Amino acid sequence: MASHTLIQGFPSTYVKLGILRSSSNGVRSWGSLVCRKKKRCKPLLMKINAVINDPSHSTIDFDDPDWKIHYQEKFEECIRLPHLSDNLNVTPRHTTFSLKKRVGQVINGIDSSEEKSDYVNDDDRALLKVIKFSSPTSAGAECIDPYCNWVELWVHRAGPRKQIYFEPENVKAAIVTCGGLCPGLNDVIRQIVFTLEVYGVKEIVGIPFGYRGFVDEELTEIKLSRDIVQNINLSGGSLLGVSRGGANINDIVDRIQAKNISMLFVLGGNGTHAGTQAIHDECQKRRMKISIICVPKTIDNDILLMDKTFGFDTAVEEAQRAINSAYIEAHSAYNGIGLVKLMGRSSGFIAMHASLSSGQTDICLIPEVPFDLEGQYGVLNYLEKLMQKKGSAVICVAEGAGQDLLERSNATDASGNVVLADIGVYLQQNIKKHFKDLGIPADVKYIDPTYMIRAVRANASDAILCTVLGQNAVHGAFAGFSGITVGICNSHYVYLPISEVIKSHRLVDPNSRMWHRCLTSTGQPDFI
Ligand SMILES: Nc1ncnc2c1ncn2[C@@H]1O[C@H](COP(=O)(O)OP(=O)(O)O)[C@@H](O)[C@H]1O
Ligand SMILES: O=P(O)(O)OC[C@H]1O[C@](O)(COP(=O)(O)O)[C@@H](O)[C@@H]1O
Ligand SMILES: [Mg+2]
């Protein structure tokens with residue numbers, strides 16, 4: 001019987017069927033990940049094992065002719081959107097959201113208002129995965145079973161529903177922005193306010209400085225309206241302020257109750273989503289009638305199941321400016337080496353995409369792909385070759401890359417995120433020392449644009465994404481969902497349960513076509 005560990009949930013970077021193999025020469029592999037030295041593989045394997053060992057994973061018998069049906073049923077269960085009606089006696093009413101167009105227009109003898117609707121049906125779905133991989137060895141294959149059969153998996157379509165679960169005039173809506181800054185926060189706040197007002201909501205407030213704003217007595221809520229938010233998208237940052245760390249969940253829910261908030265919109269990343277899930281659970285326990293909706297915010301693009309998060313595109317655009325500067329500096333110097341460190345705590349998406357978009361990077365280093373600095377295959381040796389061949393080089397490194405090479409402290413930030421050792425400074429020092437020891441001149445220019453890439457306002461594509469996500473967040477709240485997040489999936493807008501997107505970080509798949517494209521573009525070899 002072919003029985004395998006099934007990652008319950010659905011395909012993501014790690015949602016592949018994985019058989020961990022060990023061989024005597026120390027080569028260990030899982031799916032597409034192969035590392036030459038057992039020791040260096042450990043961080044990656046640990047990440048994978050953490051997923052495989054999740055108690056929610058179950059076993060599936062692929063010899064069962066109905067396994068796909070069982071899988072789909074499980075998936076449907078996982079992706080089900082929590083709703084107020086799950087534990088409250090609520091009755092819907094016809095929506096107050098309508099597009100301002102003439103109703104009852106008769107076109108070709110057909111009453112347009114009867115034939116078409118502007119509303120999304122609760123049974124509308126978007127397809128989660130659109131590629132059918134013919135084999136587990138196909139580039140970037142994400143397989144469920146050993147033969148990589150395609151399984152039709154659907155997620156819930158976002159948008160306005162015909163029936164709503166709140167009387168707009170009784171709603172008090174609150175918006176809060178948590179975690180680090182991200183381009184587009186103001187655009188989302190603005191669209192949430194606009195859309196709430198279209199529904200007829202009169203009381204909209206902003207909670208200042210993230211979760212802290214709920215409990216810090218000195219911080220008072222900020223009144224919001226169309227007039228107040230009209231132009232906030234013209235600048236970066238958050239009108240409401242952000243913060244890391246913060247409050248006890250019970251205290252937050254106490255304050256939500258005391259403030260009489262009935263809709264809460266939370267803009268934040270992984271940590272914020274985990275916090276929101278806990279707030280949602282507590283509100284359910286207290287049988288509160290409140291819809292809590294997240295809008296995923298992170299330049300790191302590390303949220304599961306979505307094409308991208310808002311702010312990412314803008315961050316990449318800014319990051320490529322830093323790479324361009326590094327290129328000019330390196331190219332204009334004798335044996336010039338430009339080194340750029342970009343954000344990306346656990347995921348290398350910014351570094352990979354900025355390298356791809358600039359086209360000027362010779363070496364791209366990301367957390368998901370281990371590398372050696374020294375030795376025959378190491379980065380330093382390759383740099384020597386680049387100096388001989390081109391006389392200059394540009395390196396782009398994600399902040400979470402190469403952490404296994406560095407001394408790690410056990411420090412964490414206020415939110416509990418591990419404080420990383422500085423790979424940028426480490427590379428700069430080691431490159432300088434290496435060339436000095438060889439007696440070869442090398443002019444190393446180090447650029448750390450960190451906060452510059454996330455303090456800017458959203459670019460055009462992010463502004464559109466923010467607009468749609470902000471509007472859909474409000475539609476989701478009025479539809480009575482709670483404990484959900486909004487996202488874009490295969491270019492369609494969807495709702496997902498928060499519980500599913502916080503299962504792990506989304507990572508760059510070293511076997512993906514995108515990483516392969518990045519390697520083709522830089523021309524870099526394996527550094528291990
Ligand atoms: N596991 C968790 N449970 C509850 N709250 C959390 C959790 N992780 C983070 N938070 C809270 O969420 C907020 C944002 O988290 P942080 O990790 O700083 O940013 P991000 O949401 O961008 O990942 C912080 O106020 C933090 O205290
Ligand atoms: O200095 P801060 O505010 O902690 O921000 C740095 C962090 O911001 C990020 O770019 C994004 O993190 P969040 O998504 O948690 O906001 C991380 O990659 C980086 O470590
Ligand atoms: Mg985070």
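Whatever order the structure lists ligands and atoms in, that order sets their numbers, starting from 1. None of these values were measured; they are calculated from a predicted model. Counting from 1, the numbers follow the sequence of the chain as shown.
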Side-chain ion pair, Glu77 and Arg80, N-O less than 4.0 Å: no
Qualifying ring pair (Phe, Tyr, Trp, His ring centres under 6.0 Å) pairs with a residue from residues 299-319, counting only residues at least two apart or across chains: Phe312-His353
Polar proximity ligand 1 side, Arg345 side, N/O cut 3.5 Å exclusive: no
Backbone of Ala421 reached by a side-chain donor or acceptor of Gln403 within 3.5 Å: yes
Backbone or side-chain N or O of His273 under 3.5 Å from ligand 1 N or O: no
Pair Tyr495 + His156: ring centers closer than 6.0 Å: no
Backbone N/O of Leu507 and side chain of His505: donor-acceptor pair under 3.5 Å: no
Ligand 1 to Gly245 polar contact by distance, N or O atoms, under 3.5 Å: yes
Contacting atoms of ligand 1, where contact means under 4.0 angstrom from a heavy atom of Thr272: 12 (O), 13 (C), 14 (C), 15 (O), 20 (P), 21 (O)
Protein contact to atom 5 (N) of ligand 1 [nearest heavy atom, distance to 0.1 Å]: Gly275 CA, 3.3 Å
Ligand 1 atoms in contact with Gly179 (distance to a heavy atom under 4.0 Å): 14 (C), 18 (O), 19 (O), 22 (O)
Test salt bridge (Lys or Arg N to Asp or Glu O under 4.0 Å) applied to Arg345 and Glu399, step by step: CA-CA 6 Å; Arg345 196 182 274 136; Glu399 64 173 330; 5.3 Å; no
Atom-level proximity to ligand 2, residues with heavy atom under 4.0 Å: Gly180, Arg244, Lys297, Thr298, Ile299, Asp300, Met343, Gly344, Arg345, Glu399, Tyr451, Arg454
Geometric cation-pi criterion Arg255 and Tyr211, 6.0 Å radius, 45° cone: no
Protein heavy atom at shortest distance from atom 17 (O) of ligand 1: Asn417 ND2, 3.0 Å
Arg226 NZ/CZ over Phe194 ring centroid, <6.0 Å and within 45° of normal: yes
Where ligand 1 meets Gly269 - atom numbers and elements under 4.0 angstrom, heavy-atom basis: 20 (P), 21 (O), 22 (O), 23 (O)
Salt-bridge criterion met for Asp448 and Lys341 (N-O under 4.0 Å): yes
Atoms in ligand 1 flagged as close to Lys297, the criterion being non-hydrogen separation under 4.0 Å: 22 (O)
Value rounded to 0.5 Å, distance of CG in Asp300 from OG1 in Thr309: 8.0 Å
Contact check, Asn270 vs ligand 1, heavy-atom distance below 4.0 Å: yes
Option set Ala274, Ser415, Ala414, Gly271, criterion heavy-atom distance to atom 12 (O) of ligand 1, minimum: Gly271
Member of Phe478, Tyr165, Phe166 meeting the ring-ring contact (aromatic ring centres under 6.0 Å, His included) criterion with Tyr199: Phe478
